[in-house]
Structure formats: structure tokens, C-alpha cells
Colleague: 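Here it is, the structure in full.
Numbers here simply count residues along the sequence, with the first being 1.
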Amino acid sequence: MIWIIGAGGMAREYAKVLNALDRKFICIGRGEKSAKEFEESTGVPAFVGGLDKYLEDKPTLPEAVIVATVEKSHVPNCLALMKYGVKRILCEKPGFLYPNELDEVVKLSKEKGADIFYAYNRRFYSSVLAAEKIIEEDGGILSFNFEFTEWGHVIATYGFPKETLDNWFYANSTHVVDLAFFLGGNPVEMTCFSKDEIDWHKPSNFAGVGKTDKGALFNYQANWNAPGRWAVELLTAKHRIYLKPMEQLQLQDKGSVKVYPVEIDDHLDKEFKPGFYLETKAFLDGDCGRLCSMEQQKNHTEMIYKNILDKL
């Protein structure tokens with residue numbers, strides 16, 4: 001039995017995958033409205049009242065748990081699950097509201113022998129899998145660049161709570177940063193710059209350069225006050241690989257300025273939320289090499305994300 005914690009839109013996406021995988025699950029929600037919408041969408045009733053209330057009845061331990069709640073509930077839910085005895089958790093990214101919350105999660109997971117992974121689903125995009133094959137065939141990655149510009153003027157209208165907006169880089173932009181370094185290697189040298197602000201986030205203008213443990217040089221930029229979009233570009237001896245948008249794969253051949261699309265088998269990314277099917281299957285099968293582990297997320301937060309944010 002699999003538990004899904006949360007009954008919102010993300011929980012419904014996971015339920016769709018679990019149904020396709022023919023895996024039994026229950027949903028543990030909090031409010032009546034989201035529970036009703038979950039049942040209408042999936043055909044599976046959702047428990048109302050939250051995780052703490054559900055645990056009061058001492059249910060049988062699940063095989064694994066997927067935490068698909070809002071950011072502020074990630075850490076409390078993971079801690080409660082580990083204290084109850086759950087050993088395997090897939091938590092929506094970033095796994096926390098404030099980065100220092102990870103310390104308690106790491107400490108308890110070691111005490112309890114629990115494995116926690118964070119759902120950076122872009123690692124499982126069909127376009128990314130195809131890009132990796134090209135990189136390998138070309139002899140490896142030489143350099144890369146990425147952009148994590150957010151549309152600040154649009155996001156401000158969505159009604160997110162202040163604490164989520166304050167931590168928007170972690171809650172959203174790390175999707176891009178995580179993927180870039182997943183493909184290009186972890187930075188061993190890195191110089192970061194940032195400045196400016198918008199009404200709801202500081203800083204808002206970013207740039208940086210460095211070198212990874214794969215020997216690749218990289219640079220990045222993002223300006224939340226200007227036009228832009230998420231993008232990752234990877235350079236090999238034979239190609240420039242464009243993930244822009246990330247769901248699609250485009251190539252530029254050496255000696256040519258033409259950029260052309262590459263046909264990929266992306267039926268799973270069209271039938272389900274992109275990356276979700278393969279990510280969820282990998283987690284349930286114990287094939288966790290592509291997943292972002294708790295240790296990896298802790299390292300990325302300390303060595304990459306804080307540097308990108310704090311160099312004002």
C-alpha cells in the first residue's frame with residue numbers, strides 16, 4: 001500500500017500514475033474541498049483531517065509514502081512519517097519552506113534509517129533522457145549554460161502566501177538549477193553575483209560562472225525584472241543541445257547555425273504530468289539513481305543554492 005499525503009493537484013497527478021501502475025494507494029488529505037475534488041478526479045476517497053489525525057488510529061505501515069503537500073508542510077509531514085516508522089518517502093521539491101529545516105530531517109532520517117527523495121521530475125523528462133544519450137555518444141559535455149528567469153509580474157498575481165514567495169527560488173527555480181547540474185556535474189568552483197529586487201523577492205537579478213567535477217565550464221543568468229524563460233543548453237564536441245522549453249529537444253550541429261527539433265518518444269510525458277510516470281516508477285521499484293536524495297538536496301542547498309541567492 002502507498003500513501004499519498006495531500007489531496008491537491010499534485011496528489012491527483014501521482015494518483016493517476018499509481019492507477020496506471022496498478023498500485024494500491026490511499027490519500028490522506030486535510031480539507032473537505034480538496035478531498036472531494038480528489039475523489040471526483042481519481043475515484044478514490046480521501047481521508048479528511050490531515051496526517052496527524054490519520055496516524056492516531058495506528059494504521060499499518062505503508063510500503064512507501066508520497067508527500068504532495070504545500071512547502072510549509074513538507075518537513076512536518078516527513079518528520080511525522082519517520083517517527084511513525086515509515087522508511088521510504090518521496091517528497092515534492094524542495095522538501096522544505098526554509099533551508100535550515102533540512103537539518104532536522106537529515107538528523108532524524110539517520111536515526112530512523114529512512115530514505116527520503118525529492119521529486120525533481122525534470123530529471124525524468126523524455127527530452128532529458130534523449131539529451132543524455134547524445135552527450136554520451138559525443139564523448140561527454142564540454143560546457144553548459146542555464147537560465148532560471150521567473151515571470152515576477154505574473155507570479156505576483158497568483159495569490160501565493162508570503163512565505164512561499166519569499167522562498168520562490170527554492171520552491172520553483174531550483175527545478176532548472178538541479179537539472180543543469182544533474183546533467184553537467186556538480187560545481188567544484190563557482191562565482192556568483194546577484195542584485196536588485198522585485199516587490200516580493202530579493203534578489204531578482206542573477207549571474208554566475210564555474211567549473212564542475214566533469215570538467216565542464218558553466219555559466220548562468222536570470223533576471224526576474226526582464227523577459228526570459230527557463231532553459232538549459234549543453235555543448236559537446238559535435239552538438240549544442242537545447243532544452244528550451246525543457247519538454248522539447250533541439251540540436252545545433254557543429255559547423256551549422258541551423259537549430260532543428262529532434263523527434264523523441266515522449267508519450268508518457270503527454271499522458272501524465274511530464275516526468276511523473278518514470279520518476280514514480282523508479283521510486284517504487286527502488287531504482288533511485290536518478291532521484292534527488294536527501295543528502296544530495298542538502299549538499300545542493302548548502303553548496304549551490306545559498307551561493308546563488310546570497311551573493312548580494
Side-chain angles (χ1 to χ4, degrees), residues 5-14 30 34 66-79 89-106 116-125 146-182 192 194 196-206 220 222-225 228-232 245-246 273-276 279 291-294 296-310:
I5 313 300
M10 297 298 279
R12 295 194 289 272
E13 296 290 347
Y14 282 112
R30 184 175 295 277
S34 60
I66 297 171
V67 176
T69 60
V70 295
E71 291 85 3
K72 68 179 181 180
S73 297
H74 287 174
V75 167
N77 281 325
C78 286
L79 292 175
I89 300 170
L90 176 65
C91 181
E92 263 304 308
K93 54 79 190 163
F96 53 81
L97 182 59
Y98 299 102
N100 58 8
E101 293 179 311
L102 265 182
D103 293 337
E104 190 174 2
V105 176
V106 172
I116 301 179
F117 302 94
Y118 296 104
Y120 283 94
N121 54 301
R122 282 159 182 78
R123 294 186 180 195
F124 292 84
Y125 276 13
F146 59 95
E147 176 183 354
F148 54 91
T149 289
E150 302 280 359
W151 290 9
H153 63 295
V154 175
I155 294 166
T157 68
Y158 286 163
F160 289 105
K162 183 180 184 302
E163 63 266 23
T164 297
L165 293 174
D166 286 344
N167 291 278
W168 193 259
F169 171 81
Y170 289 109
N172 210 51
S173 306
T174 57
H175 260 310
V176 186
V177 186
D178 174 84
L179 178 62
F181 290 118
F182 177 74
C192 304
S194 64
D196 301 336
E197 61 184 278
I198 52 180
D199 289 343
W200 51 270
H201 196 278
K202 181 179 180 179
S204 62
N205 192 355
F206 310 81
Y220 69 84
N223 189 335
W224 299 7
N225 268 315
R229 69 181 305 171
W230 285 4
V232 177
M246 293 184 184
K273 187 175 177 65
F276 265 47
E279 179 179 58
L291 292 169
C292 178
S293 68
M294 178 193 63
Q296 193 174 66
Q297 181 71 331
K298 175 68 173 174
N299 181 264
H300 283 183
T301 299
E302 295 295 332
M303 306 304 295
I304 302 175
Y305 303 152
K306 286 184 177 180
N307 284 331
I308 289 174
L309 276 177
D310 292 347

Colleague: If I compare all heavy atoms of Ala11 with all of Gly6, which pair ends up nearest, and what's the gap?
Modeller: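 Scanning both residues completely, I find the closest heavy atoms to be CB-O, 3.1 Å.
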Colleague: Report the residues that fulfil salt bridge (charged side-chain N to carboxylate O under 4.0 Å, His left out) with Glu302, sequence neighbours left out, ordered by chain and then residue number.
Modeller: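 Testing Glu302 for salt bridge (charged side-chain N to carboxylate O under 4.0 Å, His left out), a comparison that skips the adjacent residues, returns Lys298, Lys306.
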Colleague: Looking at residues at least two apart in the chain, or sitting in another chain, which of them share a side-chain contact (heavy atoms from CB on, under 4.5 Å) with Val70?
Modeller: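 By the side-chain contact (heavy atoms from CB on, under 4.5 Å) rule, Val70 matches Lys72, Ser73.
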Colleague: How would you list, by chain and number, every residue that makes a side-chain hydrogen bond (donor to acceptor under 3.5 Å, both in side chains) with Asn121, sequence neighbours excluded?
Modeller: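 With neighbours one apart ignored, the set is empty.
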Colleague: With sequence neighbours left out, write down each residue that passes ring pair (Phe, Tyr, Trp, His ring centres under 6.0 Å) with Phe117, or none if nothing qualifies.
Modeller: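 Result, ring pair (Phe, Tyr, Trp, His ring centres under 6.0 Å) vs Phe117: none returned.
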Colleague: Within a strict 4.5 Å, meaning less than it, do heavy atoms of the Leu309 and Cys192 side chains meet?
Modeller: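 A side-chain contact is absent here, since even the closest heavy-atom pair is not under 4.5 Å.
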Colleague: If I compare all heavy atoms of Pro94 with all of Glu71, which pair ends up nearest, and what's the gap?
Modeller: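 Minimum heavy-atom separation between Pro94 and Glu71: CD-CG, 3.8 Å.
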Colleague: What distance separates Trp168 CH2 from Thr174 OG1, expressed to the nearest 0.5 Å?
Modeller: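 Going from the CH2 atom of Trp168 to the OG1 atom of Thr174 covers 11.0 Å.
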Colleague: Among all residues two or more places apart in sequence or in another chain, which pass the side-chain hydrogen bond (donor to acceptor under 3.5 Å, both in side chains) test with His175?
Modeller: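 side-chain hydrogen bond (donor to acceptor under 3.5 Å, both in side chains) check on His175 returns Arg122.
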Colleague: Suppose we screen for side-chain contact (heavy atoms from CB on, under 4.5 Å). Which residues come up paired with Pro245, at least two apart in sequence or across chains?
Modeller: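 Partners of Pro245 by the side-chain contact (heavy atoms from CB on, under 4.5 Å) criterion, ordered by chain and then number, come out as Arg229, Glu247, Gln248.
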Colleague: Could you name each residue pair satisfying salt bridge (charged side-chain N to carboxylate O under 4.0 Å, His left out) that touches residues 149-177, not counting sequence neighbours?
Modeller: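 As it turns out, the salt bridge (charged side-chain N to carboxylate O under 4.0 Å, His left out) pairs with a partner in residues 149-177, which skip direct neighbours, are Lys162-Asp166.
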Colleague: In chain order, what residues pass the side-chain hydrogen bond (donor to acceptor under 3.5 Å, both in side chains) check against Asn205, with sequence neighbours excluded?
Modeller: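 For Asn205 the side-chain hydrogen bond (donor to acceptor under 3.5 Å, both in side chains) partners, ignoring immediate neighbours, are Asp196.
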Colleague: Once rounded to the nearest 0.5 Å, what's the spacing between atom OG1 of Thr157 and atom CH2 of Trp151?
Modeller: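 Going from the OG1 atom of Thr157 to the CH2 atom of Trp151 covers 11.5 Å.
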Colleague: Which residues pass the side-chain hydrogen bond (donor to acceptor under 3.5 Å, both in side chains) test with Tyr118, not counting sequence neighbours?
Modeller: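 For Tyr118 there are no side-chain hydrogen bond (donor to acceptor under 3.5 Å, both in side chains) partners, ignoring immediate neighbours.
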Colleague: Does one side chain, of Tyr120 or Gln297, offer a donor that lies under 3.5 Å from an acceptor on the other?
Modeller: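 Judged by distance alone, the side chains do pair up.
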Colleague: Please tell me whether Tyr14 and Glu92 have a donor and an acceptor in their side chains that are separated by less than 3.5 angstrom.
Modeller: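 Per modelled atom types, Tyr14 and Glu92 side chains form a pair under 3.5 Å.
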Colleague: Restricting to ring pair (Phe, Tyr, Trp, His ring centres under 6.0 Å), what partner residues turn up for Phe182, sequence neighbours left out?
Modeller: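 Result, ring pair (Phe, Tyr, Trp, His ring centres under 6.0 Å) vs Phe182: none returned.
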Colleague: Sequence neighbours excluded, which residues qualify as ring pair (Phe, Tyr, Trp, His ring centres under 6.0 Å) partners of Phe124?
Modeller: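 Testing Phe124 for ring pair (Phe, Tyr, Trp, His ring centres under 6.0 Å), a comparison that skips the adjacent residues, returns none.
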Colleague: Suppose we screen for ring pair (Phe, Tyr, Trp, His ring centres under 6.0 Å). Which residues come up paired with Tyr125, at least two apart in sequence or across chains?
Modeller: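 With sequence neighbours excluded, Tyr125 shows a ring pair (Phe, Tyr, Trp, His ring centres under 6.0 Å) to no residue whatsoever.
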Colleague: Within a 6.0 Å radius of atom CG on Asn100, are there more than 12 heavy atoms belonging to other residues, nucleotides or ligands?
Modeller: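 Buried by this count: over 12 neighbours within 6.0 Å.
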